[in-house]
Number of protein chains: 2
Amino acid sequence: MAQSDTVDRILDAAEELFAERGFAETSLRMITSKAKVNLAAVNYHFGSKNALIHAVFGRFLTPFSATLEDAFDELEARCEGKPPTLNQTLWALTESAVRMPQRNEMGISIFMRLLGLAYTQSQGHLRKFLEQEYSQPFSRFMHLLKEATPQLSAVDRYWRIQFMLGATAFTMSSNEALQDILRNKLGVETTVQEIAARLVPFLAAGMQAQDALLIPSTNQKVPVA
Amino acid sequence: MAQSDTVDRILDAAEELFAERGFAETSLRMITSKAKVNLAAVNYHFGSKNALIHAVFGRFLTPFSATLEDAFDELEARCEGKPPTLNQTLWALTESAVRMPQRNEMGISIFMRLLGLAYTQSQGHLRKFLEQEYSQPFSRFMHLLKEATPQLSAVDRYWRIQFMLGATAFTMSSNEALQDILRNKLGVETTVQEIAARLVPFLAAGMQAQDALLIPSTNQKVPVA
DNA sequence: GTCTGTTTGAAACATACGTTTGACTCACAT
DNA sequence: ATGTGAGTCAAACGTATGTTTCAAACAGAC
């Protein structure tokens, strides 16, 4: 081959293995042997294992955040000054994810699992990297959410966003779901689109749940969701 | 000391470190030095690192599943034949968790994070262990959920349960939430009870969201949550 | 062809891991 | 007092990890 595709082969193998097994549990030797590449290539091309992890995320996230910005632009233009609704905002996000050009049929689900792992595993360096690199589309999404749920207090909204993120990342990242998706590659049963179509109404309903509830045991009134 | 408390010291240290860092990322040397115990003590008392992980879960889950069964018994007795509502069922679960006798002030949140990690990290042995040991209260909870949401199809219910589990495990297991809780040990702001009080209405609302929705981009009608 | 900078290759590096070993301590029953 | 068995300890074991090294292979410019 005239041009080296070593870098891409490493990224492909790493993405898949990280999604299957987590970061710490995946060794460079697994990655390089799956990629059919010399062990030293990772440190040569990326510098370190952590930098490779960053590169895996960057390869997906950089085009995705551009797509997302466009989707938000279009949404805001369509709404002509009025703030977009919660459903519109959530759909803009999921559609951007689903429409991303993918290397294989289940690119988003693999990447969703990676995002879930990034949040869950104590990879401090990864969190810092993601916050530094992609703070802009993230805070823009947060702003849209705020305008779409003006009835919520800041602290309620904070927690409900946590819940949404959890339901999404966890579902997409659970091995069961992933393997369901992989099993039915041909799209007959559970595509990522279909999961998203089930998830968005769930999230929207939860986000707009009624306020205040009695905790049964203590009969204390608590500001709730 | 007359009686050895080595076993408990190891369990305490392991529980905390696993919750902070995950299973693979926590070495036996960290655990034994935190517990101020000899390195060999883990293999002497538990047999292996995996068996130690099982013991950490068993110490919490065994009394918890008993508490949970009692709560379900009481709930069903209170309902006199009628199936308990969704809110009642969810509250029975969270109350059992919250009321568990705890070794320290944030026992449940630590354990919730462990459960989330168990689901997320690819610890096959752990999943098998949990399924074998605690299948009964789990399937009983599932049955209650089914009776509380008769309007849902089985597949809708399956996915929404995934979403609930995700929102719960992820929230409780995210480092931010955990550290928020740890920071405010004295309970002024974010206790586990308060998070649960915010979470349950969110989950109940999502679980009972309306059916069917148009996917904006394709204009295809999709059975949705 | 020869030179030059980039990329690969096999091997070794130092370090950390889970586990095992065998000598030692010590309470306690005999 | 003495033997026994459970528990502790420091040290070592074998293995796996991320990283480094340095020679060989290769591409393109001259």
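Reminder, nothing fancy here: chain letters follow the sequence lines and each chain counts from 1.
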Nearest nucleotide by nearest heavy atom, which residue falls closer to the 5' end of DNA chain D, Met30(A) or Ala40(A)?
-> Met30(A)
Ala41(B) versus Ile10(B), closest heavy-atom pair with distance | CB-CD1, 3.9 Å
note: Asp8(B), atom CG; dG7(D), atom P; distance rounded to Å ~ 13 Å
Rounded to the nearest Å, what distance is computed from the CG atom of residue Leu28(B) to the C1' atom of nucleotide dG18(C)?
-> 6 Å
Once you round it to whole Å, what is the distance between C1' of dT8(C) and CG of Asn38(A)?
-> 6 Å
Candidates dT17(D), dT19(C), dA10(C) - which lies nearest the side chain of Ser27(A) | dT17(D)
Using a cut-off of strictly less than 4.0 Å, decide whether His45(A) has a side-chain nitrogen or oxygen near OP1 or OP2 of dT6(C).
-> no
In whole angstrom, give the distance that lies between atom CG of Asn50(B) and atom P of dC17(C).
-> 16 Å
Could you check whether Thr32(A) gets within reach of a base, just the sugar-phosphate, or nothing at all, counting any heavy atom under 4.0 Å?
-> nothing
Round to a whole Å and report the spacing from OH of Tyr44(A) to P of dG9(C).
-> 13 Å
Salt bridge (Lys or Arg N to Asp or Glu O under 4.0 Å) with Asp70(B): which residues, sequence neighbours excluded?
-> none
Roughly how many Å is it from CG in Asn43(A) to P in dT8(C), rounded to a whole number?
-> 14 Å
With a 4.5 Å heavy-atom cut-off, do Met207(B) and Ile161(B) have their side chains touching?
-> yes
Residues two or more places apart in sequence or in another chain: which of them pass side-chain contact (heavy atoms from CB on, under 4.5 Å) with Leu61(B)?
-> Phe57(B), Phe64(B), Phe111(B), Leu130(B), Tyr134(B)
Taking dG18(C), dT17(D), dT8(C) as options, the one with an atom nearest any side-chain atom of Arg29(B) is dG18(C)
Atom CZ of Phe46(A) and atom P of dG18(D) are separated, to the nearest Å, by 15 Å
Output yes when at least one side-chain N/O atom of Thr6(A) is less than 4.0 Å from OP1 or OP2 of dT8(C), else no.
-> yes
Are Phe170(B) and Phe170(A) near enough that their ring centres are under 6.0 Å apart?
-> no
Please state how far atom CD in Glu25(B) lies from atom P in dT17(D), giving the value in whole angstrom units.
-> 14 Å
For Ala41(B), which contact category applies under a 4.0 Å heavy-atom criterion: base, sugar-phosphate, or nothing?
-> nothing
Residue whose nearest DNA chain D nucleotide is more 5′ - Val42(A) or Val37(B) = Val37(B)
